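Everything on this sheet refers to the single structure shown next.
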Protein chains: 2
Amino acid sequence: MGHLTFKLNEKLYVRDPQSTELGQKIVSKGIEMIDGLGFEQFTFKKLAAQVNSTEPSIYRYFENKHRLLHYLTAWYWSWLDYRLDLATASLHSPEEKLRASIRVITEEKKTDPSFQHVNEEALHRIVVNELEKTYLTKWVDDDNQAGLFGGFKTLTKKISGFIKEVAPDYPFPNSLVSTILLAANEQLFFLEHLPTLSNLDKRLPAPQRHAQLQVFIESLVFGAIQKK
Amino acid sequence: MGHLTFKLNEKLYVRDPQSTELGQKIVSKGIEMIDGLGFEQFTFKKLAAQVNSTEPSIYRYFENKHRLLHYLTAWYWSWLDYRLDLATASLHSPEEKLRASIRVITEEKKTDPSFQHVNEEALHRIVVNELEKTYLTKWVDDDNQAGLFGGFKTLTKKISGFIKEVAPDYPFPNSLVSTILLAANEQLFFLEHLPTLSNLDKRLPAPQRHAQLQVFIESLVFGAIQKK
DNA sequence: CAAATATAATAGTAATACTAACATATTCCC
DNA sequence: GGGAATATGTTAGTATTACTATTATATTTG
């Protein structure tokens, strides 16, 4: 339990939070607090109080709260990538791998005992609610230059590769994958807050809802590439 | 020229900006400035300077800059809805209407002489860059209660209606429409800032790019509902 | 044990997102 | 034409945020 770590882009932090206890507390409490308060209400001052430290100490790990959000989403994409590898390792046909990818994307996210200090359920809610805030900023191009979106790109490329194997002539594999990666989260958001924009059923228990989501995303992917 | 107006939800503003000159200047300069600066860098103080007025005067029209963004996106959805009606009025088959809807969604947005005080090109860029900020907030549920997302819902429902006519058995018409409404903008954003996440070609001139976007969205919609 | 390193403590700044209170200008209508 | 209402302007102020600088104190390490 808690024996794995991801090597994330060094530009994501000032000092690697995995290397010290304070750093780990910043990450795990940071997840808790962003999940609880929402990103705009979350501040390093409040976080400092929760980890029994001070604002300047936190700034020694992350340039600002925005970079912390980047770090968390990058971690999330690495985690999905890892889960994708686990789910596809034993599979052979690209179509099976594609189907497994969609399952990984849409399945309910449960806390993974392989990673301490990270509450994946809370982290997934953060991704659903805040992901877009990592790139809808005036720094997108600089952040992209720095490689901060590498995790998202890696995952997109991997799934896109399966699509290319299944349907080599489909002209929009990357667009399709980036669309479903976002849509899966958007639909969960709409389900919660703007239910008329979705056909997922809030009254169903979580596993069924995620099954519906999976069917929806499959209808997009396999429909677009014409394999039913 | 400039002879049409939309009746927007009264909760979007404190005082109707269409009713006075200052109000109209706030809207048109607001569009210009949010487009130029980005939403976070845009402030009522800066806007006040541009319209030769003062912060408190602007607060008499909009509760805060967030509500102004709501107002602008609501206007945008009303405008698309209006263009959708124009584009489908003469059509008869639901499939044609659906195809026309996708064209309206994906086509290049040009300034519409029917509406003064609104630069639709700039407004579309704002929607591409800032739309999500209207709902990814702690006020979503209150804002939804107040009906601020009515425009988006109306448009979704209308297009969803076409889908239901074409494919009565497809279980996710609303999800499909909300997904493509967002995806069309996301892909334009990625094209500009994270091109590896898209297959649209930045080197192509705008009309062809929008044609590609249209083909991509058609592949999603007609693929999902199984009509090619 | 000294030196390096990490953290804490304190204080301060510019900008933001407002709000209050009051003055003035304009228009509406009797 | 005069008074009332309405819209706008003026000035000033507040709490919070997102930092930064400086100095002091632990703690680890070689």
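Note that the structure is predicted; figures quoted are calculated from it, not measured. Letters go in sequence order (proteins before strands), and every chain restarts at 1.
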> Where along nucleotides 4-21 of chain C does protein come under 4.0 Å, by heavy atom, of base (B) or sugar-phosphate alone (S), with - for untouched nucleotides?
Replying inline: --SBBBB------SBBB-
>> Check whether B:Asn199 reaches the backbone of A:Ser175 with its side chain - one donor and one acceptor, N or O, closer than 3.5 Å.
In response: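 Checked: pair present.
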>> Determine whether a donor-acceptor pair (N or O, by modelled atom type, separation under 3.5 Å) exists between the side chain of A:Asn9 and the backbone of A:Ala146.
In response: yes
> Are the charged groups of B:Glu192 and B:Lys202 less than 4.0 angstrom apart, N to O?
Replying inline: yes
> So do the side chains of B:Lys133 and B:Leu69 get within less than 4.5 Å of each other, counting heavy atoms only?
Replying inline: yes
>> Within the structure provided, determine whether B:Lys109 and B:Leu123 are in side-chain contact (heavy-atom separation under 4.5 Å).
In response: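 Not touching, per the 4.5 Å side-chain cut-off.
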For atom [atom1] of [X] and atom [atom2] of [N], their distance in whole Å:
{"X": "B:Ile58", "N": "D:dG9", "atom1": "CD1", "atom2": "C1'", "result": "12 Å"}
{"X": "A:Lys138", "N": "D:dA18", "atom1": "NZ", "atom2": "P", "result": "13 Å"}
{"X": "B:Ile26", "N": "D:dA7", "atom1": "CD1", "atom2": "P", "result": "13 Å"}

